[in-house]
There are 2 protein chains.
Amino acid sequence: MTAPRRFGTEDSKTRPVLLDAAARLMRDEGYAAVTSRRVAVKAGVKPALVHYYFRTMDDLFLALFRRGAEANLARLRHALASPQPLHALWEINSEPQGAALMIEFMALANHRKAIRAEIAAYSEQFRAAEQEAVARALRRSGVDAEAVSPAAVTVLMASVPRIIVMENTLGFTAGHDEAIALVEGQLRRLEPGPAQPSPGSYPGGTAEAGSSS
Amino acid sequence: MTAPRRFGTEDSKTRPVLLDAAARLMRDEGYAAVTSRRVAVKAGVKPALVHYYFRTMDDLFLALFRRGAEANLARLRHALASPQPLHALWEINSEPQGAALMIEFMALANHRKAIRAEIAAYSEQFRAAEQEAVARALRRSGVDAEAVSPAAVTVLMASVPRIIVMENTLGFTAGHDEAIALVEGQLRRLEPGPAQPSPGSYPGGTAEAGSSS
DNA sequence: GTCTATACTTCGATAGAC
DNA sequence: GTCTATCGAAGTATAGAC
């Protein structure tokens, strides 16, 4: 038997550079553009090095998703600890940054079992944190959990902004302002704060670079 | 100048066969699997024939989207003419059939201008039909359009079921039953009917083949 | 309308030198 | 840790025969 192939370590300096290049490619040109050759060019190295750090391209996709997911979860947990967790949740789910990447990963999940399992596991954690915060916020506002299910509210608070962000990236905005006004009105009712943050305007703004998933 | 390349006609018998093959490939293995070679194999012809009917692969994607979009719009308009348009809208947006294809097209739209424009135009029409029906239904139920914006309700009725379907294809269902119960309760209140269709259960069921987008 | 044949590009992955 | 070199497979697209 010949010597087995060698591989790079997790804490290498080059590894995150490759992941950055892959993320940018994926967001700008889709998952199909994430090839060992193109990642290498973008990172300023040779293609063989990509395979040195990631045995297969699937391993690279998985590592890329995990890195973004962990960063996202950390941000979510930090936001939910704010004095207005419902507002914070709404704002975080309205961010357009990771929308393009998320769609690419969902598409990848359609036909790659490993990716699908990873996204499902991540979503589970994300949703659990959201739901716990929503339940707490509703309790604090004196809303009866029997009358309004915190789980249902959580799904609503996740669905609406995400679809709005997706449609926005298509340049399609019909009904968005009205839906946002409706939800934000409810949020102010449930969670009144000292200073209300610019009512009526959409918190997302224009898209920008950033390696979240 | 040599004789220009020849191309097939729109009403050919083979053309839809190629589109069927492409749709199945796209749903099962993602947009990256839709190559002239693989479409040809699936359709039982030679690769050159794909290029005979579609000048480029982009043209094929565009034709595929248009065909599904038109079928979808027709189904939507038919459904909205039912005696319970709100229920019909909720059910149509809860169908899982086209979810995988829609995600693939959204991913394609991230980096193909022609696809993005086409999806935006289609969404515009889809949303306009939905909104008109919602406004009519709310009026009929005696809901004041000043108090509850029909545009906002339309966005909610589109967002929630779509995210639920997407999450379902990942095998992730946290909070779905509760959200569905919440919405369906409101629907029954707004739009009471003679026979209530199996309350509490999710209308989608398991996925199945079908060439909608 | 469909095929054969072909030109050219790009892909994943590996072995082995430096 | 990084590179050169290389294999075999698969991609788009076209010309021209049948």
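Not measured: the values here are computed from a predicted model. Lettering of chains follows the sequences in order, A, B, ..., and the numbering in each one begins at 1.
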Would you say [X] reaches [N]'s phosphate, i.e. side-chain N/O to OP1/OP2 under 4.0 Å?
X	N	answer
B:Tyr52	C:dT2	no
A:Tyr53	D:dT2	yes
B:His51	D:dA13	yes
A:Thr14	D:dT2	yes
B:Thr35	D:dA10	no

Between the side chain of B:Glu191 and the main-chain N/O of B:Leu86, is any donor-acceptor distance below 3.5 Å?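 Yes, the answer is positive, given that a donor and an acceptor are paired below the 3.5 Å cut-off.
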Counting only distance, no hydrogens or angles, is the base of C:dT2 paired donor-acceptor with the side chain of B:Arg6 under 3.5 Å?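 Indeed there is one.
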Distance-only donor-acceptor test (3.5 Å): side chain A:Arg37, base C:dT9: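 Donor-acceptor pair under 3.5 Å: no.
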Take atom [atom1] of [X] and atom [atom2] of [N], then tell me their distance rounded to the nearest Å.
X	N	atom1	atom2	answer
B:Arg55	D:dT12	CZ	C1'	12 Å
A:Leu18	D:dC3	CG	C1'	14 Å
B:Lys13	C:dG1	NZ	C1'	10 Å
A:Phe54	C:dG12	CZ	P	14 Å

Nearest atoms (heavy-atom pairs only) where [X] meets [Y]:
X	Y	result
B:Val39	B:Ala21	O-CB, 3.9 Å
A:Ile119	A:Ala109	CD1-CB, 3.9 Å
B:Val34	B:Ala22	CG2-O, 3.8 Å
B:Ala151	A:Gly175	CB-CA, 4.0 Å
A:Ala137	A:Pro85	CB-CG, 4.1 Å

Would B:Tyr31 and A:Tyr31 count as a close aromatic pair, with their ring centres under 6.0 Å?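 Here the rings of A:Tyr31 and B:Tyr31 have centres that are less than 6.0 Å from each other.
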Residue-level proximity of residues 38-49 of chain B to DNA chain C when a heavy atom falls under 4.0 Å: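 Contacts with DNA chain C under 4.0 Å: B:Val45, B:Lys46, B:Ala48, B:Leu49.
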In dot-bracket form, how is DNA chain D paired, counting a Watson-Crick or G-U wobble pair only if both its distances are under 3.5 Å and using | for bases paired to another strand? ||||||||||||||||||
Counting neighbours of CZ on A:Arg136 that are heavy atoms of other residues, nucleotides or ligands and sit closer than 6.0 Å, is the number greater than 12?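 Atom CZ in A:Arg136 is crowded, with more than 12 foreign heavy atoms closer than 6.0 Å.
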Inter- and intrachain pairs under side chain to side chain donor-acceptor pair (under 3.5 Å), touching residues 40-53 of chain A, at least two apart: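 Matches after skipping sequence neighbours: A:Ser12-A:Tyr53, A:Ser36-A:His51.
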